[in-house]
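Below, each value reflects all heavy atoms present in this structure, side chains not excepted, and no hydrogens, waters or symmetry copies.
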Amino acid sequence: MLPELLPRPPAITVSEYRTRRDALMAQLPANAAVVLPGASLVTRSHDSEYAFRQNSDFYYLTGITEPDALLVLLPGREAGESVVFCQDRDPTKEAWTGRRLGARGVEREHGIAQAFENADRETLLPALLEGRELLYMPLDNPDALGIAEEAFSAAQAGLRRGQAPLKGWFDVSGLIHEMRLIKSAAEIDLLRHAAAVSAKAHVRAMQVSRPGLFEYQLQAELEHEFVWQGGSAPAYSTIVGGGANACVLHYIENDAPLVDDTLVLIDAGVEFDLYAGDITRTFPVGGRFSDAHRALYQVVLDAQERAVEAVKPGATLIDIHQNVVKDLTAGLITLGLLEGDVQARIDDESYRRFYLHSTSHWLGLDVHDVGSYRLDEQTPRPLAAGMVLTVEPGLYIPDEDDIPEPYRGVGIRIEDNLVVTAHGHENLTSGVPKQVADIEALMVK
């Protein structure tokens, strides 16, 4: 019997991409332009490339998934405010690597006012930017900076003809990233789907797990589900850490055997239409928690559940994290891994031996998605409806002589994906169990 296939959500519409471009241009000063390159293919080895993945900001404004494209926004331009340069049509290359949209295809399929092939870019781009006084671009992108320098040289040469001077260039990334922080209903549908697919994959890994398998075999189960459900790829390198490997936060070797009476931590999520899922679960390799593992796991779970419940409009990630630190520190003291007063262990940061990271990050087109966590240096950003984030406390107990033996080399993290709603939150990843009894029931062989 074939695995269940989840229904795919609708793609983001051409009109939504157009609305995003209009909203960005509405924030620009008069006589400005945006220059935003897409991503290019990256060589993996000799003449083979890594699988192409579009630049997230470029994709957010266009929906175009071809490499070597360039978006130019020209507010007020009568012939069209959105211009894209794209790959040239080339029957020979297309026979090897697939169909290219070409200029007319970009206009037709993506609602771009005007498109040109890259062969015409050197001639047409300077003319498009002529007279624009301010350029907005990603300042960390060498291609964009090269365009800015060429535009500056052209503007200097045009001063004798009365052309307006190019006064400077600015980073457009912050404007786009603030827009990306609040997700639309269509984006939330895609994130909900990515979360549901990721949850099914985690359930599948739990059901398959048993001593004697290797970590990479659980990885194979996860990533099979991703592909079966139409995901483009894992949203990040899949982490399957058995035993002490779980204490390495970004462990990706996944080549060790799974041992009975140990835990395995899986941090994995699918990328669907470039939107990411990001789930972590920790469970016993053989299906039953030992007493020590159950006690430590429950400390993390209680902290995670209280943090999830705190997600609502007006809350801040800093407050949520600080409360998680208190809960975890109290649990460490109860289990004898720390001694003394909770606040004293927070103040001297001795808890950081066991909890090394923050509790949350934004989630969207990037697994660690963009958007500032503060309104300014002193003011944490309050949560608002449409934000999507993770909640992922963890404890990582080193294998060292001063640690009680039952806890040595144990890593536990529990992570869910939440969307902030008008009155609270929706947990997108509730499809994979995290209660001890539910995990053990699922894993019964």
Pair R381, L375 - check side chain to side chain contact (heavy atoms under 4.5 Å, CB included), show working. CA-CA 5 Å; R381 181 189 291 276; L375 299 177; 4.0 Å; yes

Using a 4.5 Å cut-off on heavy atoms from C-beta on, say whether the side chain of [Y] contacts that of [X].
{"X": "D369", "Y": "L181", "result": "no"}
{"X": "R180", "Y": "W362", "result": "no"}
{"X": "V197", "Y": "F272", "result": "no"}
{"X": "P404", "Y": "L337", "result": "yes"}
{"X": "I182", "Y": "M387", "result": "yes"}
{"X": "V240", "Y": "Y216", "result": "no"}
{"X": "V172", "Y": "P138", "result": "yes"}
{"X": "L129", "Y": "L74", "result": "yes"}

Could you tell me whether the side chain of [X] and the main chain of [Y] form a donor-acceptor pair under 3.5 Å?
{"X": "E187", "Y": "S184", "answer": "yes"}
{"X": "T62", "Y": "I64", "answer": "yes"}
{"X": "T19", "Y": "S15", "answer": "yes"}
{"X": "S232", "Y": "E271", "answer": "yes"}
{"X": "S209", "Y": "V285", "answer": "yes"}
{"X": "Q229", "Y": "E4", "answer": "yes"}
{"X": "R53", "Y": "L274", "answer": "yes"}
{"X": "R132", "Y": "L166", "answer": "no"}
{"X": "T282", "Y": "R413", "answer": "yes"}
{"X": "R281", "Y": "L265", "answer": "no"}

To check you understand the geometry: which heavy-atom pair defines the closest contact between [X] and [Y], and what is its length?
{"X": "N245", "Y": "Y251", "result": "ND2-OH, 3.2 Å"}
{"X": "R353", "Y": "P398", "result": "NE-CG, 3.8 Å"}
{"X": "P433", "Y": "L442", "result": "CG-CD2, 3.8 Å"}
{"X": "S360", "Y": "L389", "result": "OG-CD1, 4.0 Å"}
{"X": "P37", "Y": "N141", "result": "CG-OD1, 3.7 Å"}
{"X": "L41", "Y": "Y50", "result": "CD2-O, 4.3 Å"}

Going by side chain to side chain contact (heavy atoms under 4.5 Å, CB included), name the residues that satisfy it together with Q217, two or more places apart in sequence or in a different chain. L213, F214

Test of understanding: with side chain to side chain contact (heavy atoms under 4.5 Å, CB included), list the residues that count as partners of L101, not counting sequence neighbours. E66, R99, V106, E109, H110

Tell me, yes or no, whether the heavy-atom count around [X] atom [atom1], taken from other residues, nucleotides or ligands under 6.0 Å, exceeds 12.
{"X": "Q343", "atom1": "CD", "result": "yes"}
{"X": "D376", "atom1": "CG", "result": "yes"}
{"X": "R374", "atom1": "CZ", "result": "yes"}
{"X": "I252", "atom1": "CD1", "result": "no"}
{"X": "E405", "atom1": "CD", "result": "no"}
{"X": "R288", "atom1": "CZ", "result": "no"}

To the closest 0.5 Å, what do you measure between [atom1] ([X]) and [atom2] ([Y])?
{"X": "L61", "Y": "M179", "atom1": "CG", "atom2": "CE", "answer": "6.0 Å"}
{"X": "L175", "Y": "Y136", "atom1": "CG", "atom2": "OH", "answer": "7.0 Å"}
{"X": "T329", "Y": "D341", "atom1": "OG1", "atom2": "CG", "answer": "10.5 Å"}
{"X": "R204", "Y": "L222", "atom1": "CZ", "atom2": "CG", "answer": "8.5 Å"}
{"X": "L135", "Y": "F170", "atom1": "CG", "atom2": "CZ", "answer": "9.5 Å"}

I'd like to know whether I346 forms a side chain to side chain contact (heavy atoms under 4.5 Å, CB included) with K326, so could you lay out the CA-CA distance, the side-chain angles of the two residues, the decisive distance to 0.1 Å, and finally the verdict. CA-CA 7 Å; I346 294 172; K326 290 179 183 177; 3.6 Å; yes

Does the side chain of [X] pick up a donor-acceptor pair with the side chain of [Y] at under 3.5 Å?
{"X": "H357", "Y": "Y396", "answer": "yes"}
{"X": "Q219", "Y": "E215", "answer": "no"}
{"X": "H177", "Y": "D57", "answer": "yes"}
{"X": "D273", "Y": "H193", "answer": "no"}
{"X": "R21", "Y": "S82", "answer": "yes"}
{"X": "D366", "Y": "S56", "answer": "yes"}

Test: R121 and E150 ion pair at under 4.0 Å: no

Ring centres under 6.0 Å, that's the criterion: do Y355 and H321 meet it? yes

Please table the atom pairs, donor to acceptor, closer than 3.5 Å between any side-chain atom in residues 296-305 and protein atoms at least two apart or in another chain.
residue: Y297; atom: OH; partner: K434; partner atom: O; Å: 2.5
residue: Q298; atom: NE2; partner: D302; partner atom: OD1; Å: 2.9
residue: Q304; atom: OE1; partner: K434; partner atom: NZ; Å: 2.8
residue: Q304; atom: NE2; partner: V391; partner atom: O; Å: 3.4
residue: Q304; atom: NE2; partner: D416; partner atom: OD2; Å: 3.0
residue: E305; atom: OE2; partner: Q435; partner atom: NE2; Å: 2.5

Checking V388 against Y275 for the side chain to side chain contact (heavy atoms under 4.5 Å, CB included) test, could you report, in this order, the C-alpha distance in whole Å, the side-chain angles of both residues, the deciding distance, and whether it holds? CA-CA 11 Å; V388 181; Y275 285 84; over 6 Å; no

My understanding is that only one of L363, N427, L191 makes a side chain to side chain contact (heavy atoms under 4.5 Å, CB included) with N417; could you say which? L363

Start with the C-alpha gap between V72 and R77, add the side-chain angles, then the distance that decides, and say whether side chain to side chain contact (heavy atoms under 4.5 Å, CB included) holds. CA-CA 11 Å; V72 184; R77 179 174 177 262; over 6 Å; no

